[in-house]
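To start, the structure itself, in structure tokens.
We're numbering straight along the sequence, starting at 1.
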Amino acid sequence: MAISDDDLERLRRCVELAREALDDGDEPFGSILVGGDGTALYEDRNRVKDGDHTRHPEFAIAPLGRRQPDSRRPGARDRLHLRRTLPMCAAGHAWVGLGRIVYATSSEQLTQWLAEWGAPPPPVAPLPIATVAPRVDVDGPAPEFADTMKALYEAKFRA
């Protein structure tokens, strides 16, 4: 499936959340959980600046998706989709059985940019999302956001 106009609008909100995180001294990442009817069920940004690196919004989204009404019906969680600035933390998404992931920039892009800036690599391997979660439908990166996200990442991670 191609990235739709609605996906792009949701990704814009993820970028806004990433900017909010950066403005608050945090790492610039944001995510939204979208219900099957298109309703935003949850949105948040990274909150790791105080040292707890599990405070990525994706860690909160996975159990929220599992707790949605009717989530035990076959295929119900497949209709819960995730929009995010970067496809990190996909393992939880796959374990819970959520649906499609759409992302703005890739782990490969971020890794290349970090190397370009002389910044240390992430503490986890930047595996392709298809390797981590092979049965999840994935769309991204969205080229429209590459420059904006690169600037946000550079502001935080450039050595």
Side-chain angles (χ1 to χ4, degrees), residues 1 3-4 6-69 71 76-111 113-114 119-142 145-146 148-150 152-153 155-157:
M1 173 182 281
I3 296 176
S4 70
D6 180 64
D7 292 330
L8 292 173
E9 191 60 35
R10 303 289 183 160
L11 289 174
R12 275 186 203 82
R13 178 63 184 139
C14 291
V15 171
E16 289 173 10
L17 291 165
R19 190 178 318 278
E20 288 174 19
L22 182 64
D23 290 347
D24 193 38
D26 223 316
E27 296 177 351
F29 301 102
S31 297
I32 302 173
L33 178 66
V34 180
D37 64 356
T39 303
L41 302 173
Y42 178 82
E43 64 176 43
D44 203 5
R45 60 178 181 80
N46 265 31
R47 298 177 184 278
V48 302
K49 70 179 182 180
D50 294 326
D52 182 353
H53 287 277
T54 65
R55 300 235 17 232
H56 293 225
E58 299 84 7
F59 288 124
I61 283 172
L64 285 174
R66 186 177 42 81
R67 291 192 302 261
Q68 288 303 305
S71 68
R77 287 186 219 156
D78 293 347
R79 292 187 295 275
L80 298 171
H81 299 172
L82 188 62
R83 307 304 187 275
R84 59 196 339 173
T85 52
L86 190 79
M88 297 186 321
C89 310
H93 185 102
W95 276 110
V96 171
L98 300 179
R100 181 170 169 249
I101 296 174
V102 182
Y103 60 94
T105 55
S106 68
S107 298
E108 181 181 2
Q109 286 172 299
L110 178 58
T111 300
W113 295 332
L114 292 171
V124 296
L127 299 172
I129 199 166
T131 300
V132 176
R135 292 188 298 272
V136 174
D137 291 330
V138 177
D139 286 299
F145 299 103
T148 301
M149 288 309 303
K150 184 177 182 182
L152 292 174
Y153 296 149
K156 183 64 180 180
F157 298 117

Query raised in the report: About how many Å separate CD1 of I61 and CG of L82, when rounded to the nearest 0.5 Å?
Result: 4.5 Å
Query raised in the report: What distance separates N46 CG from F59 CZ, expressed to the nearest 0.5 Å?
Result: 9.5 Å
Query raised in the report: Which atom pair, heavy atoms only, marks the closest approach of A40 to I32?
Result: CB-CG2, 4.0 Å
Requested in this report: Measure the CG-CZ distance between L86 and F145 for me, rounded to the nearest 0.5 Å.
Outcome: 14.0 Å
Report task. Specify the closest pair of heavy atoms between R84 and A90, including all atoms of both residues, with the distance to one decimal. Result -> NH1-CA, 4.2 Å
Report task. Considering non-hydrogen atoms only, spot the tightest contact between P122 and L114 and give its length. Result -> CD-CD1, 3.7 Å
Query raised in the report: Under a 4.5 Å cut-off applied to non-hydrogen side-chain atoms, are H53 and E27 in contact?
Result: yes
Query raised in the report: What's the spacing between K150 NZ and L110 CG if we round to 0.5 Å?
Result: 11.0 Å
Query raised in the report: Under 3.5 Å, is there a donor-acceptor pair between the S4 and D6 side chains?
Result: no
Query raised in the report: What are the two closest heavy atoms between W113 and M149, and how far apart are they?
Result: CZ3-C, 4.4 Å
**Report entry** Rounded distance [0.5 Å steps], CG in L152 versus OG1 in T85
**Finding:** 9.0 Å
Query raised in the report: side-chain hydrogen bond (donor to acceptor under 3.5 Å, both in side chains) with S31: which residues, sequence neighbours excluded?
Result: E58
Query raised in the report: Got more than 12 heavy atoms from elsewhere within 6.0 Å of CD, E16?
Result: yes
Report task. Give a yes or no on whether a salt bridge exists between R13 and E20, defined as a side-chain N under 4.0 angstrom from a carboxylate O. Result -> yes
**Report entry** Carboxylate-amine/guanidinium contact R47 D26, below 4.0 Å
**Finding:** no
Query raised in the report: If you look at every heavy atom in Y42 and D44, which pair is closest and at what distance?
Result: OH-OD2, 3.2 Å
Query raised in the report: Parallel, tilted or perpendicular: which fits the ring planes of F29 and Y153, with parallel below 30° and perpendicular above 60°?
Result: tilted
Query raised in the report: Checking R19 side chain against V15 main chain: does a donor-acceptor pair fall under 3.5 Å?
Result: no
Query raised in the report: Going through the distances and angles, do V102 and R10 end up as a side chain to side chain contact (heavy atoms under 4.5 Å, CB included)?
Result: CA-CA 9 Å; V102 182; R10 303 289 183 160; over 6 Å; no
Query - D50: side chain to side chain contact (heavy atoms under 4.5 Å, CB included) partners, not counting sequence neighbours - result: none
Residues 130-141 side chain polar contacts: donor-acceptor under 3.5 Å, at least two apart:
from: D139; atom 1: OD2; to: R100; atom 2: NE; distance (Å): 2.8
from: D139; atom 1: OD2; to: R100; atom 2: NH2; distance (Å): 3.1

Query - Side-chain donor or acceptor of H56 paired with backbone N/O of G30 under 3.5 Å - result: no
Query - From S107 atom OG to I129 atom CD1, the distance as rounded to the nearest 0.5 Å - result: 7.5 Å
Query - Heavy-atom closest contact (K156 atom, G25 atom, distance) - result: NZ-O, 2.9 Å
